[in-house]
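Chain letters run A, B, ... following the sequence lines, proteins first, then strands; residues in each count from 1. Since the model is a prediction, treat every value here as computed from it, not as a measurement.
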2 protein chains.
Amino acid sequence: MIFSALEDNFLDNINLLRKVQAHLDELRKSERKVANYILLDPASVLQMRLSDLAHTADVSEPTVIRFCRALGFDGFQSFKLQLAQYLGSSGNYVQFSVSDSDSVADVNRKVFDATIGSLLNVRDEMDPVALEKAIAALSGARRVEFYGFGASGSVAIDAQHKFFRLQVSAAAYTDPHIQHMSAISLKEKDVVVAISQSGRTKALIQSVNLAREAGATVIGLVPRNTPLAALCDLPIHVNVEEVEHVFTPVSSRIAHLVVIDVLAMGVARSSSEHLQDHLKRLNRSLRTLRANNKKPT
Amino acid sequence: MIFSALEDNFLDNINLLRKVQAHLDELRKSERKVANYILLDPASVLQMRLSDLAHTADVSEPTVIRFCRALGFDGFQSFKLQLAQYLGSSGNYVQFSVSDSDSVADVNRKVFDATIGSLLNVRDEMDPVALEKAIAALSGARRVEFYGFGASGSVAIDAQHKFFRLQVSAAAYTDPHIQHMSAISLKEKDVVVAISQSGRTKALIQSVNLAREAGATVIGLVPRNTPLAALCDLPIHVNVEEVEHVFTPVSSRIAHLVVIDVLAMGVARSSSEHLQDHLKRLNRSLRTLRANNKKPT
DNA sequence: CCACAGGATGAAATGATTTTTCTGGTTTAA
DNA sequence: TTAAACCAGAAAAATCATTTCATCCTGTGG
């Protein structure tokens with residue numbers, strides 16, 4: 001009972017609809033009608049009064065209230081407010097395409113919102129267990145190499161950057177030959193992070209195979225159900241449904257970057273205070289490369 | 001009058017609080033009390049009834065209603081719902097710091113949310129006019145070069161990538177010497193995009209100076225009020241307030257990437273159908289580098 | 001300096017909507 | 001088959017938002 005209460009609380013702020021779904025089977029029959037309608041068209045509920053919803057779901061008004069109470073809310077109003085917040089947080093950021101009539105401000109908004117939408121999706125789809133394993137592997141690694149081509153190449157470089165700062169011996173290779181050469185020289189305590197938006201890049205598959213043969217652990221930032229996902233020791237699934245359209249921005253590389261952030265944060269956390277000292281010193285030394293606030297002459 | 005109505009409509013779905021702010025001076029004195037309280041602590045309003053808010057703001061209940069109407073809402077309820085949606089969309093994603101007691105799932109959530117929060121901020125702070133000018137400059141450019149160091153280096157590389165696809169002659173330099181050499185060889189129709197998280201990197205300032213002397217147009221993705229911002233022809237301000245803490249992820253580079261996406265989208269839009277053909281062919285040719293769905297042997 | 005017009009404000013009445021109570025019906029288990 | 005528990009809705013009650021209207025300012029012209 002306590003556990004379920006905690007869980008409720010956890011879900012509360014995350015995903016109301018998921019919570020409704022989860023409670024479906026502990027609801028009474030007619031309350032379930034309400035739940036089903038809400039799941040069907042949550043947005044429309046916002047404009048409704050209690051009696052509207054009751055009528056639409058074909059139940060009486062007290063039933064709707066009992067439904068709200070069953071989910072832990074004070075009443076209908078309080079439920080509606082939560083719903084509004086939830087819809088506000090996830091409803092707005094949708095796939096889109098830019099049309100010619102859009103102003104630059106529109107384009108700006110759409111690109112940002114699409115990116116945010118992707119991030120929200122990826123965030124909720126993330127598998128904490130896979131992350132945990134990956135963080136453990138990275139923390140214990142003797143050496144970490146990041147492989148990627150094209151847009152994922154710059155993700156790899158960025159990742160190298162991040163892990164450098166954590167005093168992890170890191171490299172990023174975006175050239176297939178070098179990748180292969182490096183892969184065959186890996187040892188057991190080494191970790192490879194393979195980054196791919198398609199999950200099917202031939203050269204990368206080959207690098208991963210070589211790395212595994214050499215005994216290294218391979219973490220993959222790849223879409224689910226792809227050849228690369230099947231090949232990695234520790235696949236981290238990053239699924240960004242991208243409409244295949246020239247005017248759709250590619251936000252999957254951004255999702256990848258954020259996942260790298262999560263991994264880096266995890267590694268940093270699991271490391272010693274010694275590292276934190278190091279990071280402070282690093283920040284200080286970077287400052288000498290900067291000009292101060294005076295207008296340059 | 002029509003214009004203002006349009007503008008209202010525009011702001012409606014974007015940022016309720018900003019809308020309240022904008023209407024401040026056309027409100028009556030006591031209505032303004034309501035507005036001020038709401039701006040002060042919007043979240044608390046959600047739990048309040050009409051009479052609570054009236055009492056807290058030290059006005060009568062009809063006044064609160066008149067305030068809501070003045071903003072174009074049906075009444076108090078409808079205002080509260082909008083507010084809930086707005087707070088849901090931007091309120092949740094706040095700065096944070098990871099603590100030792102956090103689970104990996106928590107870390108994941110926090111890192112994503114912080115990133116999303118930054119993006120929302122940057123999105124709303126973006127100056128469409130600056131963007132428009134930058135897009136115009138890029139569209140007309142003979143050659144585009146991206147300069148950046150460190151984390152901004154990988155942003156530069158990513159940008160080059162993106163613009164390559166648009167058949168723009170693009171280069172990315174992350175080495176100061178090469179930057180300088182390239183900068184002095186630029187011509188008038190060339191464009192440099194200088195990317196910096198700090199806005200004060202000495203070497204980058206120098207490169208920008210050289211590029212300007214050579215006659216090139218310099219676009220800057222830089223924080224406001226920094227030496228680099230002052231130096232660029234077309235500064236695009238990207239302000240990510242980052243708490244200076246080792247365990248805070250650096251999300252400004254992600255904001256930069258999204259801004260690059262916006263620029264690329266803008267350039268793509270303003271270009272010919274010929275380009276769109278090109279992009280389709282490009283996608284097809286990339287496909288040959290990929291394995292198909294069969295499990296690799 | 002006063003009187004008056006006009007708008008701004010709040011008290012109280014009104015009306016809408018939510019919530020509670022209670023009763024009739026239905027299932028379940030002995 | 002019957003009692004017990006449970007479920008659902010009608011109607012009453014309570015709550016809360018909205019409207020009406022009277023009052024109070026504020027500023028202006030006499």
- Task: Return the value, rounded to whole Å, for the distance between atom CZ of A/Phe67 and atom P of D/dC7.
- Result: 16 Å
- Query: NZ of B/Lys80 versus P of D/dT18: gap in Å, rounded?
  - Reply: 10 Å
- Note on the structure: Atom CZ of A/Phe76 and atom P of C/dT18 are separated, to the nearest Å, by 6 Å
- Message: What residues from residues 34-50 of chain B pass a heavy-atom cutoff of under 4.0 Å to DNA chain D?
- Response: B/Arg49, B/Leu50
- Query: Is the closest basic N to carboxylate O distance between B/Asp113 and A/Arg123 below 4.0 Å?
  - Reply: yes
- Query: Starting at NE2 of B/His55 and ending at C1' of C/dG10, how long is that distance when rounded to a whole Å?
  - Reply: 14 Å
- Rounded off to whole Å, could you give me the CZ-to-P distance for the A/Arg28 and C/dT26 pair? 17 Å
- Task: Please say whether more than 12 non-hydrogen atoms of neighbouring residues, nucleotides or ligands are located less than 6.0 Å from CG in B/Asp74.
- Result: no
- Query: Could you give the CD-to-C1' distance, from B/Glu61 to C/dA8, as a whole number of Å?
  - Reply: 17 Å
- Partner of A/Val20 under side chain to side chain contact (heavy atoms under 4.5 Å, CB included), picked from A/Leu83, A/Val34, A/Leu39, is A/Leu39
- Can you tell which of C/dT19, C/dG10, D/dT18 lies closest to the side chain of B/Ser60? C/dG10
- Message: Which nucleotide wins on minimum distance to the side chain of B/Gln77, given the candidates D/dT19, C/dT9, D/dA17?
- Response: D/dA17
- Task: Could you grab the distance from atom CZ of A/Arg253 to atom CG of B/Asp261, nearest 0.5 Å is fine?
- Result: 4.5 Å
- Item | Nearest-neighbour nucleotide for the B/Ser30 side chain, C/dT18, D/dG9, C/dT9 considered | C/dT9
- What's the closest nucleotide to the A/Thr63 side chain, out of C/dT18, C/dA11, D/dA8? D/dA8
- Query: Thinking salt bridges, do A/Asp127 and A/Lys133 make one under a 4.0 Å N-O criterion?
  - Reply: no
- Could you work out which one of C/dT19, D/dC7, D/dG9 sits closest to the side chain of A/Ile65? C/dT19
- Message: Nearest 0.5 angstrom please: A/Leu16 CG to A/Phe79 CZ, how far?
- Response: 5.5 Å
- Message: With nearest nucleotide decided by heavy atoms, which residue, A/Arg66 or B/Ser51, maps closer to the 5′ end of DNA chain D?
- Response: A/Arg66
- Could you give the CG-to-C1' distance, from A/Asp58 to D/dA8, as a whole number of Å? 12 Å
- To the nearest Å, how far apart are A/Leu53 CG and C/dT17 P? 14 Å
- Any salt bridge between B/Asp106 and B/Arg109, counting N to O under 4.0 Å? no
